[in-house]
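Below is one structure, written out as structure tokens; comments come after it.
Order of the sequence lines sets the chain letters (A, B, ...), proteins ahead of strands, with each chain counted from 1.
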2 protein chains.
Amino acid sequence: MERVALRTAAVTRGAARLLAALGHAVLREVPLADGRRADLVCLGARGEITIVEVKSCARDFLADNKWEEYRAWCDRLYFAVDHDFPQGLIPADAGLIVADPWGGALLREALEHRLAPARRRAVLLRFARLAARRAEAAADPDGAADTLSPD
Amino acid sequence: MERVALRTAAVTRGAARLLAALGHAVLREVPLADGRRADLVCLGARGEITIVEVKSCARDFLADNKWEEYRAWCDRLYFAVDHDFPQGLIPADAGLIVADPWGGALLREALEHRLAPARRRAVLLRFARLAARRAEAAADPDGAADTLSPD
């Protein structure tokens with residue numbers, strides 16, 4: 001794996017562990033209905049939906065000029081970066097997580113922008129079906145569940 | 001594995017493959033809020049919830065005199081059995097699936113009894129969180145996600 005991919009994988013794992021420790025059920029690489037792919041979508045005990053976008057470096061962040069579109073699919077948006085990332089780049093109303101392969105720290109809470117009920121239901125349904133298909137693919141690798149597309 | 005457990009596992013796998021082929025996302029051994037455990041909970045593309053109860057033999061079916069309680073958690077209830085099961089035992093308003101380890105056949109559709117919206121949302125949330133935790137446990141076995149309880 002190249003260096004950037006390794007760094008992304010490390011931050012992703014640490015951020016996923018942090019969100020799980022905070023009580024969220026976490027799913028990686030979730031295709032959204034608009035064609036974008038969220039690095040982590042997290043589902044809280046009361047149905048709250050959090051997206052975490054992993055940025056491996058400043059260039060990675062600056063190249064993604066459409067990150068605001070993730071807000072349409074969650075109640076809270078966080079960026080997860082490693083210790084070397086220039087944190088001043090992250091917009092003040094997005095949450096900030098600093099992570100390494102073993103875990104993460106929540107440095108700043110995200111502002112809440114609650115989803116409308118119909119949108120929340122659509123995201124939850126997509127999340128649930130994708131998660132179950134991945135779990136079932138692990139339980140029965142030869143079965144029909146190896147179609148991992150969300151719908 | 002003992003004989004009954006082997007037969008149950010075979011019917012479960014075949015039924016899971018059938019439901020997946022019919023477009024459902026399938027999750028095994030799902031604890032429900034009332035303390036019961038459903039053998040398969042299946043989530044359709046429009047959010048419809050199906051429970052499949054696997055019965056290894058007539059004695060297994062007759063010993064479960066509370067199976068009607070599963071209706072409280074789904075829109076449709078099916079029983080899945082193997083070819084040797086006496087099908088006349090299965091009540092007429094429940095669906096009937098005959099399965100072997102490689103797949104299954106839908107012999108009779110279940111009557112629909114649609115969940116109330118609040119109950120549907122609760123089942124969907126529980127399903128989604130459990131499924132994601134299982135998927136994440138496969139993605140990061142050493143992480144915090146090995147707590148597989150639904151909430």
For this session: Look at B:A135, B:A131, B:G47, B:A16 and state which one has the largest set of heavy-atom pairs under 4.5 Å with chain A.
Result: B:A131
Seminar exercise, completed: Within residues 84-123 of chain A, contacts to chain B at heavy-atom distances under 4.5 Å involve A:R120, A:R121
For this session: Examine A:L124 and A:V30 and state if one hydrophobic cluster contains both, with Ile, Leu, Val, Met, Phe, Trp and Tyr joined whenever side-chain heavy atoms are less than 4.5 Å apart.
Result: yes
Problem set entry | Non-hydrogen atoms of A:R133 and B:A25 that approach each other most closely | CG-CB, 4.2 Å
Problem set entry | A:W73-A:W67 co-clustered via ILVMFWY side chain contacts under 4.5 Å | yes
Exercise. Do you know which two heavy atoms are closest between A:A128 and B:L43, and how far apart they sit?
Worked result: CB-CD2, 3.4 Å
For this session: Decide whether A:Y78 and A:L32 are clustered together by the hydrophobic rule: side chain heavy atoms of Ile, Leu, Val, Met, Phe, Trp, Tyr closer than 4.5 Å, transitively.
Result: no
For this session: Sort out for me which of B:L19, B:V26, B:L18, B:L27 touches chain A most, counting heavy-atom pairs under 4.5 Å.
Result: B:V26
Problem set entry | Same apolar cluster (I L V M F W Y, side chains within < 4.5 Å links), A:L62/A:Y70 | yes
Exercise. Is it the case that one hydrophobic cluster holds both A:F127 and A:I49, taking links as side-chain heavy atoms less than 4.5 Å apart, direct or via other members?
Worked result: yes
Seminar exercise, completed: Exactly one of B:R28, B:R17, B:R134 clears side-chain hydrogen bond (donor to acceptor under 3.5 Å, both in side chains) with A:E136, and that residue is B:R28
For this session: Quick one: closest heavy-atom pair of B:R13 and A:D140, and the distance?
Result: CG-OD2, 3.4 Å
